[in-house]
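Beneath this line is the structure, given in structure tokens, with notes to follow.
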Amino acid sequence: MTVSYFMPNRSYFGPGCVNELGNLSQSVGMKKPMIVTDHVLEQLGMTKKIQDILLHSNIESMVFNEVEPNPTDQTVTKGVKNYKTWGCDGLISLGGGSPHDCAKAIGLVISNGGAIKDYEGLDQSKNDMIPMVAVNTTAGTAAEMTRFAIITDTERHVKMAIIDWRITPLAAINDPELMMGMPPSLTAATGMDALTHAIEAYVSTGANSLTDCAALKSIDMIGEYLPKAFANGTDTQARDQMAYAQYLAGVAFNNASLGYVHAMAHQLGGIYDLPHGVCNAILLPYVCEFNLPARIERFGDIAVALGENIEGLSPYDAAMKAITAIKRLSCLLDIPGDLKELGVKPKDFPVMADNAKVDACCLTNPRTATKEEVIAIYQQAYDKK
């Protein structure tokens, strides 16, 4: 089997590594980059910090701060317009998954023309993207290093999965000092997003020896350090290790892809504009139960990585330990208990199931579900059964 492996050209880790941004931007030819971020990070002074670092290298920058939690095609269009109006020559994304995804989409359209909906699916671009450096402030999405971007189509009310090797950022910066201010709820949601990435990649039909190593190590680290980062946001070691853990999960799913958890969560985000990590966390154990017959031994491995003792257990009982551990971790992190708590309405399950079935993430799920089975999983997550 032929295996492809996608990674940024450069990645930086550790306290203070964001200070490499100026030299890094110069090295990829940026003289006037556009910083893609959101209002919150600008209000917190994070944007100014980045601009000051760039100024030390004599790099002027412009700020596009209109990215919403689930970025839309309309925001991408506005970002493209601003980039051209300002005469920028590269992109710096600052934040979590939303700014990174929005910046990728902006870059894709600038380099290839048309509208972002033209690039839904796998490798639809023709031209290399303009230079992009991703500065990460959360530990979860791994969007700073992947070939994935999720953008909401405002006409169809669905999240478009754009998977294209050309949108992989040239460089990724994971400085734990930028993550210290994450509130517990965001720490929990992004951390469970990372866990979902690792688990879906490990049981994916596209998994291989390279992705397996990254996925299992990520699961192990998240199980150990996510509760610590949640309990104490200023725990430098926990923040640092979660930055590595979410990146490893990104390595895994960037190359092995994902499954039904993400395909289904995308629909919840598209219709209800719900937090992606929370949706993943609620759906994860139920999709795992559905997938269990196809990957029973691998779920046993996941149980061990999450600290469970499976000695003497049957393969089925060992696998179920993984699902129990996932539920226990979500509870510890105060993740909402079910979809009902988020205001989801069962009347929308059929259309969400239809859209989930054609989501690109379904392609590597280890077990194929019918529309009725997808609806049943939504129902389980709704009723917390």
Side-chain angles (χ1 to χ4, degrees), residues 2-12 20-37 50 54 57 59-64 67 71 73 75-95 97-136 141-151 153 160-174 206 210 247 250-251 253-257 360:
T2 300
V3 174
S4 299
Y5 207 67
F6 304 94
M7 289 279 288
N9 289 341
R10 283 181 275 182
S11 296
Y12 296 80
E20 299 291 333
L21 180 61
N23 291 334
L24 177 58
S25 299
Q26 282 183 330
S27 73
V28 298
M30 292 189 195
K31 296 180 180 178
K32 190 179 181 182
M34 183 171 83
I35 299 172
V36 180
T37 189
I50 296 303
L54 291 170
S57 296
I59 298 175
E60 179 189 4
S61 59
M62 306 300 289
V63 177
F64 177 67
V67 181
D73 49 0
T75 305
V76 172
T77 299
K78 189 179 294 186
V80 170
K81 180 180 179 181
N82 284 10
Y83 182 97
K84 292 178 178 178
T85 299
W86 294 333
C88 295
D89 58 7
L91 294 165
I92 295 173
S93 56
L94 173 66
S98 296
H100 300 321
D101 283 1
C102 190
K104 291 174 185 178
I106 290 169
L108 197 58
V109 173
I110 288 169
S111 300
N112 290 271
I116 191 57
K117 66 181 180 181
D118 300 330
Y119 304 100
E120 184 176 9
L122 180 64
D123 291 335
Q124 297 299 307
S125 71
K126 303 295 183 185
N127 303 321
D128 288 343
M129 196 172 77
I130 56 176
M132 175 181 167
V133 174
V135 180
N136 206 21
T141 69
E144 80 281 2
M145 57 78 62
T146 68
R147 59 192 172 112
F148 286 71
I150 307 299
I151 303 296
D153 183 326
M160 299 181 288
I162 297 155
I163 309 170
D164 196 311
W165 65 272
R166 288 188 173 91
I167 65 171
T168 306
L170 288 177
I173 293 176
N174 273 286
L210 292 168
Y247 188 95
V251 169
F253 90 82
N254 196 37
N255 295 284
S257 199

Legend entry - Atom pair CG/CG of Leu94 and Leu21 - distance to nearest 0.5 Å: 9.0 Å
Inset, instruction - Please list, chain by chain and in numerical order, all residues satisfying side-chain contact (heavy atoms from CB on, under 4.5 Å) with Asp118, sequence neighbours excluded. - result: Ala115
Inset, instruction - Might you confirm whether atom NZ of Lys32 has over 12 heavy atoms from other residues, nucleotides or ligands at distances under 6.0 Å? - result: yes
Inset, instruction - Look up atom CG in Asp128 and atom CG in Leu170, then write down how far apart they are to the nearest 0.5 Å. - result: 9.5 Å
Inset, instruction - Output yes when a side-chain donor or acceptor of Asn136 lies under 3.5 Å from a complementary backbone atom of Glu144, and no otherwise. - result: no
Legend entry - Atom of Met145, atom of Met7 and distance for their closest heavy-atom approach: CE-SD, 3.8 Å
Legend entry - Closest heavy-atom pair and its distance - Phe148, Ile167: C-CD1, 3.9 Å
Inset, instruction - Output yes when a side-chain donor or acceptor of Ser27 lies under 3.5 Å from a complementary backbone atom of Leu24, and no otherwise. - result: yes
Inset, instruction - Could you grab the distance from atom CD1 of Ile59 to atom CD1 of Ile92, nearest 0.5 Å is fine? - result: 7.0 Å
Inset, instruction - Can you see which heavy atom on Pro99 is nearest to which on Thr37, and at what distance? - result: CB-CA, 4.1 Å
Legend entry - Exam field: side chain Tyr83 to backbone Gly90, donor-acceptor pair closer than 3.5 Å: yes
Legend entry - Minimal non-hydrogen separation, Asn127 against Ser111, with atom names: ND2-O, 3.0 Å
Legend entry - Asp164 side-chain N/O to Gln124 backbone N/O, donor-acceptor pair under 3.5 Å: yes
Inset, instruction - Indicate the atoms forming the closest heavy-atom contact of Ile150 with Pro71, along with that distance. - result: O-CG, 3.9 Å
Inset, instruction - Would you check if the side chain of Asp123 reaches a backbone N or O of Trp165 as a donor-acceptor pair within less than 3.5 Å? - result: yes
Legend entry - Gap separating the CD1 atom of Ile50 from the OG atom of Ser61, nearest 0.5 angstrom: 9.5 Å
Inset, instruction - Return yes if a side-chain donor-acceptor contact under 3.5 Å exists between Thr146 and Lys104, otherwise no. - result: yes
Legend entry - Distance, nearest 0.5 Å, that separates OG1 of Thr168 from CE of Met129: 8.0 Å
